[in-house]
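Notes follow the structure.
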Amino acid sequence: MNTEGLVEVVLPGKVEPEGLQIRHGAVPTAGPGQVVIRMEATGVSFAEQQMRRGRYYDQPPFPFVPGYDLVGTVLATGEGVDPGLAGIRVAALLKVGGWASHVLVDAADVVPVPAGIGAAEAETLVVNGITAWQMLHRKARVRAGDTVVVHGANGGVGSVLVQLAQAAGARVIGTASERHHDALRERGVAPVDYRAGDVAARIRELAPRGVAAVFDHVGGRGIVDSWRLLAPGGTLVSYGSASTRDDEGSKQWPVLKLLGRVWVWNALPNRRRAYFFNVWAGRALAKNRFRARLRTDLTQVFAALHRGEVSAQIAAQLPLTRAADAMRLAESGTVAGKVVLNP
């Protein structure tokens, strides 16, 4: 007999973090092909910060429960699902719905978390790990001996990118504000201050022949500089639009403008490639392929964590009911790593 109740955080509309609401209800029941996960860790990512401003590219209509990903234990399995999944710790990429004590997920979307990895540790590497791994290995195909540029090298995705690139044998140039430079140097990264004048010129001094890949989460006008840094055969991967976070106006337009630019660049005859990376690309067209790839890649990320090639950076852990404080903290820019919510 399950006496637990459901606790979830609701984003009711465009609100300040204090406007998030706590809702109580009944624990959901697993339908055919589904599992109920008892959440152990979920997190605050850039997506939720965009969503509360109504600025995430394809967010659902308000009100909804945010939460891009989660780690937890399978509590119950539905019809047609292997009952042996019950009691297993799993991770899931959701886009929305993770900020809840109990979450209903398609069984095909869960990825087992290896023994010996804690829930909060694993949580820091679900969306950030998948994003970094796929950009590095599926898009840029970085090889040993390559030089790559990671913008925001101390950020959630950036810090994972740095470590995975180094594990692949690449040399990393990382942009970050001055206060993060010592930590980056300790990691073997060549740091560049993104606030100090001509960033592109500074990177060119470090890599006069150009670089194999640039990973750019800022978008906006700086994307042109990123493209120009590439050596022939190089790859630009743009994966966000941090530069537009506080803008008013269309949330689609910056993305469409960037896609147009990427299309033109890819038509140029210099072997350089540009991608606008979206972790959900391909899901609508080929769900099974998407799931297989996600499972493969997240399993690789967890293995890298196990081997010590990647570290889980937990900035802070707060209870789900303090989601407002967690979001404030994540948005403050004062913490390194991921702000994690626990039940």
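One-based numbering along the sequence shown. Note that the structure is a prediction, hence the values are computed from the model and not measured. Heavy-atom basis, side chains included; hydrogens, waters and symmetry copies ignored.
Remark: D225 engages no residue in a side-chain hydrogen bond (donor to acceptor under 3.5 Å, both in side chains) (not counting sequence neighbours). A search for side-chain hydrogen bond (donor to acceptor under 3.5 Å, both in side chains) contacts involving R187 returns S311, not counting sequence neighbours. Take K95 and apply the side-chain hydrogen bond (donor to acceptor under 3.5 Å, both in side chains) test, not counting sequence neighbours, and it matches D58. Annotation: side-chain contact (heavy atoms from CB on, under 4.5 Å) contacts of A168 (sequence neighbours excluded): H137. Remark: A315 pairs with V335, V339 by the side-chain contact (heavy atoms from CB on, under 4.5 Å) rule, at least two apart or across chains.
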With a 3.5 Å cut-off and sequence neighbours excluded, list the donor-acceptor pairs that the side chains of residues 65-72 form with protein atoms.
residue, atom, partner, partner atom, Å
Y68, OH, Y56, OH, 2.8
Y68, OH, W280, NE1, 2.6
D69, OD2, V127, N, 2.9

List the atom pairs, with distances to 0.1 Å, where a side-chain N or O of residues 74-94 and a protein N or O form a donor-acceptor pair under 3.5 Å, not counting sequence neighbours.
residue, atom, partner, partner atom, Å
D82, OD1, G84, N, 2.8
R89, NE, E40, OE2, 3.2
R89, NH1, I117, O, 3.1
R89, NH2, E40, OE1, 2.6

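Each side-chain hydrogen bond (donor to acceptor under 3.5 Å, both in side chains) pair with one or both residues in residues 202-212, not counting sequence neighbours, appears once here: R202-E205. Sorted by first and then second residue, the side-chain hydrogen bond (donor to acceptor under 3.5 Å, both in side chains) pairs involving residues 15-27 (not counting sequence neighbours) are E8-R23, E16-R328, E18-R328. Each salt bridge (charged side-chain N to carboxylate O under 4.0 Å, His left out) pair with one or both residues in residues 168-182, not counting sequence neighbours, appears once here: D182-R185. Listed by first and then second residue, the side-chain hydrogen bond (donor to acceptor under 3.5 Å, both in side chains) pairs involving residues 117-129 are E123-K338 (not counting sequence neighbours).
W263 belongs to a hydrophobic cluster whose other members, connected by ILVMFWY side-chain contacts under 4.5 Å either directly or through intermediates, are V264.
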